Peer 1: 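Sharing a structure with you now.
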Amino acid sequence: MVILLFGPPGCGKGTQAVSMARSMGVPSISTGEIFRAECKAGTKIGKLACEILRSGGLVSDEIVNQMVAGRLSQDDCRNGFILDGYPRTKAQAEFLDRLLEEQRLPAPTVIYLDVPDSVLVARITSRRQCPTCSAIYNLLHQPPRHAGVCDNDGTPLIQREDDNEQTILARLKAYHEATGPLVDFYATRDFHRIEGDRTPAEIHAEIEQVLEPALAHAGEPRRG
Ligand SMILES: [Zn+2]
């Protein structure tokens with residue numbers, strides 16, 4: 001089966017993608033990973049990917065689509081895959097529809113991990129890091145044993161520059177602008193909104209429940 005995992009930055013979808021991939025035995029694929037792999041491979045498109053990674057710049061739909069299509073044509077995707085954070089725009093979603101049809105793969109099941117902005121802001125601004133060993137803490141649900149210092153080495157914890165409210169709000173605004181039309185695009189299809197303001201285990205359990213009927217058919221041959 002083909003699963004698309006959506007959710008705002010900081011919603012925990014990376015964690016879910018990993019646990020879903022493990023329980024379903026299919027790869028979890030993110031565009032960041034594809035870029036890094038292409039860059040390492042040194043192909044023509046890979047050189048472009050390296051440049052993009054270096055500049056941290058925006059990538060055209062065309063390039064992203066081309067790289068995703070290449071990745072999805074690999075052997076390990078034959079029995080399905082999880083796409084983590086792709087498509088990101090409506091143009092990418094339309095491309096993916098065509099690609100799935102060409103490859104005779106099933107229509108996607110969409111999981112939308114929804115977390116209110118206020119919760120995300122609270123979560124991210126509560127993040128602290130140890131500048132010595134890079135351990136990450138969260139004052140809300142994973143605080144250090146002694147306030148303000150690292151469990152491992154006692155170094156005073158710091159807040160990363162990007163983890164401030166202004167930066168997060170700007171990222172969320174960009175996310176909602178890009179993803180709003182996508183939610184509309186998929187809303188009438190196999191679309192499942194999951195309440196994301198819960199523990200990873202609770203979220204995982206609900207996703208499994210949602211996917212159960214579809215997974216029952218996953219062993220069947222491709223359509224067409
Ligand atoms: Zn430390």
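A quick note: this is a predicted structure, and the numbers were derived from the prediction, not measured. Start at 1 and go down the list; that is how both ligands and their atoms are numbered.
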Peer 1: Please determine, by modelled atom types, if S73 and Q103 share a side-chain donor-acceptor pair under 3.5 angstrom.
Peer 2: no
Peer 1: For L72 and L96: C-alpha separation, side-chain torsions, deciding distance, then whether side chain to side chain contact (heavy atoms under 4.5 Å, CB included) applies.
Peer 2: CA-CA 10 Å; L72 298 185; L96 181 65; 4.2 Å; yes
Peer 1: Using side-chain heavy atoms (C-beta onward) and a distance below 4.5 Å, is E94 in contact with R98?
Peer 2: yes
Peer 1: Ignoring waters, how many N, O or S atoms from the protein are under 2.8 Å from the Zn ion (ligand 1)?
Peer 2: 5
Peer 1: Salt-bridged, D76 to R71, with N to O below 4.0 Å?
Peer 2: yes
Peer 1: I'd like a table of donor-acceptor pairs (distance under 3.5 Å, sequence neighbours excluded) in which one partner is a side-chain atom from residues 21-31, with atom names and distances.
Peer 2:
from: S23; atom 1: OG; to: S19; atom 2: O; distance (Å): 3.3
from: S23; atom 1: OG; to: M20; atom 2: O; distance (Å): 3.3
from: S23; atom 1: OG; to: E208; atom 2: OE2; distance (Å): 3.1
from: S30; atom 1: OG; to: E33; atom 2: N; distance (Å): 3.3
from: S30; atom 1: OG; to: E33; atom 2: OE2; distance (Å): 3.4

Peer 1: Does a donor on one side chain and an acceptor on the other come within less than 3.5 Å for T89 and D61?
Peer 2: yes
